[in-house]
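The structure appears right after this line, and notes come after that.
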Amino acid sequence: MNPALLGLITIVLGVGGCIGYFWLSNLLLDTVIFPPRGPNAGRNINRANAIRPWLFLAPALLALGLYLAYPVVATFWLSLNDRVAGGGSEFVGLDNYVQMFGESKFREAILNNMMWLVVVPAASTAFGLIAAQLTDRISWGNIAKSLIFMPMAISFVGASVIWKLIYDARPPGTDQIGVLNALWVAFGGEPQQWLTIPGWNNLLLMIVLIWIQTGFAMVILGAALRGIPEETVEAAIVDGASPWTIFFRIKVPQIMPTIVVVWTTITLVVLKVFDIVLAMTNGQWETQVLANYMYDKLFRSFDWGVGSAAAMIIMLLVSPILIWNVYSANKEMR
Amino acid sequence: MDNIAGTRSSLQWAVHISVAVLVALWLFPTVGLFVSSFRTGDQISSSGWWQALSTQESQLPAIRIEGEEVPADGAFTIEGRLIAGDTTVSAWGASSRAPKAYAPGETVDIGDGQTLTVAEDSSFFLTSPDTTEGTRLPRVFLTASSPPEFTFDNYRNVLFSGTAAAGIGKAFINTLTVSIPATVIPILIAAFAAYALAWMEFPGRALLIAAIVGLLVVPLQLALIPLLQLHNNIGIGKGYLGVWMAHTGFGLPLAIYLLRNYMVGLPRDIIENAKVDGASDFQIFTKIILPLSFPALASFAIFQFLWTWNDLLVAIVFLGADDDSLVLTGRLVNLMGSRGGDWEILATSAFISIAVPLLVFFTMQRYLVRGLLAGSVK
């Protein structure tokens, strides 16, 4: 069957099924199981009301449990096992982790990931803050904002194609079609295969993600800047503070909590970054990162044990943020 | 006072200029791809896209003269044109060491008593004292300048022609088939759950909300193998159903979180009045909460659509990486590997893949921003 048609049928069935489930289960609850009639009417209404929330939640809980909570446990279990020839698997304890830490590619991935974790959130937040402050008070600020924000809508793979054109290299003596090499040659250099130069290539890959994430940081920080009470800024102006002082001493401290949120959000994106590295270098020339290493292990060498162990490392790196988020959400609700 | 006003306005100028520079920097890469997708392969590989609007000079490969020999005045002449089309010759030469030695129209002695003239329109005139029969005719090196030229051929090729298409048209349909159900289904499930978490009293509610905030950041990398095993065990295997379910599962935490935060903010009076008037929870949800939550529903829908359209990992793992089932992002990665040099195909395909998200982005930016501000934790 044509997949597009299949998709349409699924939408109708899925949506209809959802509505049908919610409607029918409600009807069943109210008219058959606990009807608000007869001698126990009052008790029945209370019982029905106690059950109803779980009816509403059931599909979501099922999906969350099956697609997010269960895999965490299952992946942990997989990381402690090795597949044996002829099917089945055996418990090997921490062997997979030991093997993984012994691999130079893994150590390279960890090291690179640490660099990504420092550079990308810092640069995106800084650029975003600058862009937010600059576009705040000018007439065409909104247009400028939406143009800087635009890369957010572009896929990581699309962005990789865009930037690969910028880093492209042609043989010496011919016209360069990549901007970077064109500038480099104009200043008297020899054209370089930038993506194959260890050290620089990592930075060039990071630039792609910074380009994407700056718009996000700008939008959130821009809203926070707007939310700063006018009086604090006015008081500073009256006291004769320079624009720089106002920005760094008055505005930035007041939006610090938002900066932290932006920083952690981008950190999460960085930890999962995979598409950019896969599309541009595929981890060659010392650009490996954790997520791509994991993909290599899982789907190229079919080593599920080590692959799952790498996934657990990503989970471990995410957990401080997870705990912090849960903690602050709880605090907010009280 | 004048003094202050003076620094104010110069600062204002500095702000305008810095914003303009910033915008230009951020726009430059995308514009490059866009312009390149309208140039021919030769143009892309011979000059940078920023030169697309100026007249281009390019060194053509050597052309060997051919034509009918005509005897005249004790000598032999050959006349003809070297290249067809409206290219203009800006310089030419008779040896590879000096390919730009002569100007068009110049008559030059090229050895053995032969003389050659190449005009601006690439027509040539060769005279030789002896017959050229049986000898190799000389080669000519041309530097041609062509006016700016843009073409839709790349799009026609990539979308409709069989060979060069590289399956982009098919991949486009696949991507659409993945992303639309994967956007619609989670919204409905999440809306009911969000209503329960926002407006219904039951034990364990706070715990559930905390769990959902926690699940927001769980990396989906962890889910790949266990879910693939699960799909195989229950008989779904690799296919659209699996992708839709995976995207639904991964999108739910954000959906519930966004919608709950929005619904909690709705005025309590409306809901309590409805309850007093005898409306059931189901009626309150469908008749009051859903219509009022439209902005939140819209912002989640945009998020989820952009995410599913742009996703690579979930699609190649749960749908497969063979030719029939690749989505646009997967196809692009393959093209980058196999046709890394064919920029006209790569640029055009990439632009086709980002055109839909860009359209959604520019038409519904308002909702996207609102959603980001409400749920900046994912």
Side-chain angles (χ1 to χ4, degrees), chain A residues 3-4 7 10-11 14-15 18 22 26 52-53 56-57 59-60 63-64 67-68 71-72 74-75 78 131 134-135 138 144 146-148 153-155 157-158 161-163 165-166 175 177 182 219-220 223 261 265 268 272 274-275 279 291 294 298 304 311 314-315 318 321-322 325-326 329-330, chain B residues 15-16 18-19 22-23 26-27 29-30 32-33 46-48 173 177 180-181 184-185 188-189 192-193 195-196 200 202 210 213-215 217-219 221-223 225-227 240 248-249 252 256 281-282 306 310 312-313 329 332-333 336 346 350 353-354 357-358 361 365 369 372-373 376-377:
Chain A
T10 312
I11 295 181
V15 172
C18 281
F22 287 118
N26 253 285
R52 200 181 328 273
F56 279 30
L57 282 167
L64 285 175
Y67 278 84
L68 284 168
V72 176
T75 301
L78 278 172
L134 290 179
T135 52
I138 61 176
S146 85
L147 291 178
I148 297 177
I154 296 175
S155 63
V157 179
V161 176
I162 291 177
W163 283 85
L165 181 60
I166 290 183
D175 269 1
I177 67 167
V219 166
I220 309 272
V261 168
T265 310
L268 288 172
K272 298 182 222 167
F274 152 77
D275 319 32
M294 186 211 76
L298 287 184
W304 289 7
I314 300 179
M315 182 70 209
V318 168
I321 301 176
L322 187 153
N325 275 351
V326 171
N330 267 342
Chain B
V15 167
H16 277 288
S18 347
V19 174
L22 210 58
V23 169
W26 250 254
L27 214 52
T30 320
L33 186 82
S46 62
S47 64
I173 304 281
T177 314
I180 290 184
V184 175
I185 296 170
L188 209 65
I189 299 179
F192 274 97
Y195 173 70
M200 293 166 112
F202 60 93
V213 172
L215 288 178
V217 303
V218 169
Q221 268 89 353
L222 266 81
I225 291 295
L227 290 183
Y240 286 106
T248 301
L252 268 181
I256 299 176
D281 273 313
F282 191 76
L306 289 181
N310 289 337
L312 169 69
L313 189 57
T329 47
L332 272 181
V333 171
M336 281 174 96
L346 198 51
S353 91
I354 65 179
L358 284 186
F361 173 82
Q365 203 182 2
V369 170
L372 268 186
L373 293 176
S376 54
V377 280

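Convention: sequence-line order gives letters A, B, ...; per-chain numbering from 1. Please read these numbers as outputs of a predicted model, since none were measured by experiment.
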Using a cut-off of under 4.5 Å for heavy-atom pairs, which of [options] has the most such pairs with chain A?
{"options": "B:Leu227, B:Leu27, B:Val218, B:Leu22", "value": "B:Leu227"}
{"options": "B:Leu215, B:Ile185, B:Ile180", "value": "B:Leu215"}
{"options": "B:Val19, B:Leu332, B:Val369", "value": "B:Val19"}
{"options": "B:Val333, B:Thr329, B:Leu33, B:Ile225", "value": "B:Ile225"}

By ring-ring contact (aromatic ring centres under 6.0 Å, His included) - contacts of B:Phe192 (at least two apart)
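B:Phe192 satisfies ring-ring contact (aromatic ring centres under 6.0 Å, His included) with A:Phe22, A:Phe56, B:Phe285 once adjacent residues are dropped.
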Just to verify, what does A:Trp304 make a ring-ring contact (aromatic ring centres under 6.0 Å, His included) with, not counting sequence neighbours?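 ring-ring contact (aromatic ring centres under 6.0 Å, His included) list for A:Trp304, sorted by chain: empty.
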Check each atom of [X] against the heavy atoms of chain B and say whether the ones under 4.5 Å are side chain, backbone, both or neither.
{"X": "A:Leu322", "result": "both"}
{"X": "A:Leu134", "result": "both"}
{"X": "A:Met315", "result": "both"}

**Asked** Ignoring hydrogens and geometry, is there a side-chain-to-backbone donor-acceptor pair from A:Thr75 to B:Leu222 under 3.5 Å?
**Response**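 A pair under 3.5 Å: yes.
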Could you tell me whether a side-chain N or O of A:Asp275 sits under 3.5 Å from a main-chain N or O of B:Leu313, the two making a donor and an acceptor?
->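 No, A:Asp275 side chain to B:Leu313 backbone: no donor-acceptor pair under 3.5 Å.
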- Message: Show, in sequence, the C-alpha distance, side-chain angles and deciding distance for B:Ile256 and A:Leu64, and conclude whether the side-chain contact (heavy atoms from CB on, under 4.5 Å) test is met.
- Response: CA-CA 11 Å; B:Ile256 299 176; A:Leu64 285 175; 4.0 Å; yes
Checklist line | From CD1 (A:Ile154) to CG (B:Leu358), nearest 0.5 Å | finding: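 CG of B:Leu358 is found 5.0 Å from CD1 of A:Ile154.
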Report the option among [options] that has the most heavy-atom pairs separated by less than 4.5 Å from atoms of chain B.
{"options": "A:Leu298, A:Ile166, A:Ile321, A:Val157", "result": "A:Val157"}
{"options": "A:Val72, A:Val326, A:Val161", "result": "A:Val161"}
{"options": "A:Ala60, A:Pro59, A:Ala63, A:Ala74", "result": "A:Ala60"}
{"options": "A:Leu165, A:Leu57, A:Leu68, A:Leu147", "result": "A:Leu165"}
{"options": "A:Ala153, A:Ala223, A:Ala144, A:Ala311", "result": "A:Ala153"}

Answer whether the closest heavy-atom distance between the side chains of [X] and [Y] falls below 4.5 Å.
{"X": "B:Ile354", "Y": "A:Ile162", "result": "yes"}
{"X": "B:Val23", "Y": "A:Ile148", "result": "yes"}
{"X": "B:Pro226", "Y": "A:Leu78", "result": "yes"}
{"X": "A:Tyr67", "Y": "B:Thr248", "result": "no"}

Notebook entry, point to check: Which atom names give the shortest non-hydrogen contact between B:Gln221 and A:Ala291, and what distance separates them?
Noted result: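 Taking B:Gln221 first and A:Ala291 second, the nearest heavy atoms are NE2-CB, 3.4 Å.
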Practice prompt. Identify which part of B:Ala210 has an atom lying under 4.5 Å from any heavy atom of chain A, answering side chain, backbone, both or neither.
Written response: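 Both backbone and side chain of B:Ala210 come within 4.5 Å of chain A.
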